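In what follows, a structure is listed as C-alpha cells, so that the remarks can point back to it.
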Amino acid sequence: MRKNAKYMEVYLDVKKKVENGTYPIGEKLPTGPELAKYYHTSKLTVKKGLDMLVSEGVLHSRSGFGTEVIRKPINNSKVFGPNEGFIKVIGEEHVESEIHTFSIELPSKKIAEKLQINEKEYIYHIVRSRFVDQKPYSLEQTFMPLSIIPGLEPKHLKKSVYSYIREELHLEINTSHVYLKGVLSTAFDAKILGINIGDFMIEIEKSVSLSNGTPFEYSVTKHLYQDFVFEAVFVEN
C-alpha cells in the first residue's frame, strides 16, 4: 500500500491529536523544529501539513507567537481546496476512478465561453465517477482545451489529471472560481452512483486558470449530499 506524503502524515497525526485532546483547545503546538525532529522531516514539510489545519480553522498561526489550537476538526472532514488534486488529498490507495466518456470534440457555445476559446478549437470531454474505499463519492464532467493541456490520456484520468498538468506539463495552477448549488439526480447519476432518481445532490461548478490567467478547465461535479461538507473560515486581520 502506498504511503501518504510526509506532510499528509503530519496533517493527519496532528489532526488526530487535536481530536483526542492530546493538543487541547487554547494550547500551542510544539515549535516547528520540535515537530520536524519528531516526524523526521523538514520544518517546511511540517508547515505544509499544519497549514492545511489552519485552512480548516482548526489551528491559528501567528509569526512570533506560534501555532494555537482553536477548535476540534469536523468529524470525517477532509481539507480539499479547489486547486488541490483529489487523489493527493484522499490518497491513491483509497480512490478508484471509472471513465464513462473520454472524447475529443468541438465545444458548445457555453463551453467555449467558459474556456475563453473559439468554438472551432477542440476540447477534451471527460465524464468519470469517483469511489472512495469502494463507496460512490462523485460524478464529474470536465472540459479542457487541447491547445492548453496536450497529451492527456485515459491513464491520467485513472489517477490525477492535476499531477499530470503540474509534473509533466510543468504548468502552474493558480485560480479557481467555484459555485455550489443543490440539484436532483438524473437517471444517469442514479445508475452510476447507486442512488434513486430525484435524490438530492450537491453540484459544484468550477472554472480553473493557470498562473498566467489562461482558463484550462471547466467542470461540473455532483456529490452525494451525505458525504459533502462545506466549510469556510474567515479570519479578520
Side-chain angles (χ1 to χ4, degrees), residues 1-2 4-5 8 11-12 15-16 18-19 52-53 55-58 71-103 110-111 114 124-144 152 154-165 173 176-208 216-234:
M1 182 178 290
R2 182 177 174 179
N4 286 321
M8 281 299 296
Y11 161 73
L12 292 170
K15 183 175 183 177
K16 181 179 179 180
V18 173
E19 288 175 334
M52 295 171 72
L53 289 166
S55 73
E56 286 186 328
V58 174
R71 70 164 177 82
K72 289 194 174 185
I74 294 174
N75 289 338
N76 300 320
S77 67
K78 301 179 181 71
V79 58
F80 190 23
N83 296 341
E84 198 75 47
F86 183 69
I87 284 179
K88 184 178 179 182
V89 173
I90 306 299
E92 185 176 347
E93 68 274 17
H94 297 289
V95 180
E96 294 180 21
S97 300
E98 184 175 348
I99 303 169
H100 306 283
T101 300
F102 180 56
S103 62
K110 175 184 176 181
I111 300 303
K114 292 289 185 180
Y124 301 105
H125 177 200
I126 303 160
V127 179
R128 62 179 176 173
S129 52
R130 300 284 212 164
F131 297 80
V132 176
D133 295 329
Q134 300 182 335
K135 295 181 180 179
Y137 181 81
S138 65
L139 183 60
E140 309 170 356
Q141 184 174 33
T142 304
F143 305 91
M144 292 182 172
L152 195 62
K155 65 180 181 181
H156 302 124
L157 307 184
K158 284 286 188 178
K159 295 186 176 181
S160 171
V161 174
Y162 278 20
S163 291
Y164 169 70
I165 292 170
I173 301 170
S176 296
H177 289 90
V178 178
Y179 305 88
L180 287 76
K181 66 179 180 180
V183 297
L184 300 180
S185 64
T186 65
F188 182 69
D189 301 333
K191 178 182 177 181
I192 299 302
L193 297 176
I195 58 178
N196 296 318
I197 297 174
D199 277 0
F200 182 73
M201 304 186 75
I202 301 294
E203 181 179 278
I204 300 178
E205 182 180 348
K206 183 170 70 170
S207 299
V208 192
F216 76 90
E217 175 190 332
Y218 171 70
S219 65
V220 177
T221 303
K222 293 181 180 179
H223 292 262
L224 303 181
Y225 77 90
Q226 299 95 327
D227 298 324
F228 187 87
V229 176
F230 174 77
E231 179 181 5
V233 178
F234 300 92

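These figures come from a predicted structure and were not determined experimentally. Positions are given from 1 along the sequence.
The salt bridge (charged side-chain N to carboxylate O under 4.0 Å, His left out) test with E205 is passed by exactly one of K181, K110, K114: K114.
Between R130 and V132 the shortest side-chain heavy-atom distance does not fall below 4.5 Å. Side-chain contact between K206 and T221 is absent, with no heavy atoms from C-beta onward closer than 4.5 Å. For the pair L193 and L139, the minimum side-chain heavy-atom distance is below 4.5 Å. Within the 4.5 Å cutoff, side-chain heavy atoms of I111 are placed close to those of Y218. K155 has its side chain out of reach of K159: every pair of non-hydrogen atoms, C-beta onward, lies at least 4.5 Å apart. Looking at V127 and F102, their side chains never come closer than 4.5 Å, going by heavy atoms from C-beta outward. In this structure the side chain of K15 never reaches within 4.5 angstrom of the side chain of K72, judged on heavy atoms. Within the 4.5 Å cutoff, the side chain of Y225 has no heavy atoms near those of the M201 side chain.
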**OP:** Evaluate the side-chain contact (heavy atoms from CB on, under 4.5 Å) criterion for residues I126 and L157: first the C-alpha distance (whole Å), next the side-chain angles of each, then the deciding distance (0.1 Å), finally the verdict.
**Re:** CA-CA 9 Å; I126 303 160; L157 307 184; 3.8 Å; yes
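Residues that satisfy the side-chain hydrogen bond (donor to acceptor under 3.5 Å, both in side chains) test with S207, not counting sequence neighbours, are absent from this structure.
Of all heavy-atom pairs between S129 and I192, the closest is CB-CG2, 3.5 Å.
Identified under the salt bridge (Lys or Arg N to Asp or Glu O under 4.0 Å) test for residues 182-199, with sequence neighbours left out: D189-K222.
Remark: I197 CD1 to S185 OG distance equals 7.0 Å, nearest 0.5 Å. Here the OH-CZ distance, from Y162 to F216, works out to 4.5 Å after rounding to the nearest 0.5 Å. Note that the CZ atom of F200 and the CD1 atom of I195 stand 11.5 Å from one another [nearest 0.5 Å]. In this structure, the separation between CE on M144 and OG on S219 is 7.5 Å, given to the nearest 0.5 Å. Rounding to the nearest 0.5 Å places CE of M52 at 5.5 Å from OH of Y11.
Between F143 and H125, the ring planes are parallel. Angles under 30° get that label, and only those over 60° would be called perpendicular.
Around the NE2 atom of H177, the shell of radius 6.0 Å holds no more than 12 heavy atoms that belong to other residues, nucleotides or ligands.
Ion pairing between a basic and an acidic side chain is recognised when a charged N comes within 4.0 Å of a carboxylate O; R128 and E140 show such pairing.
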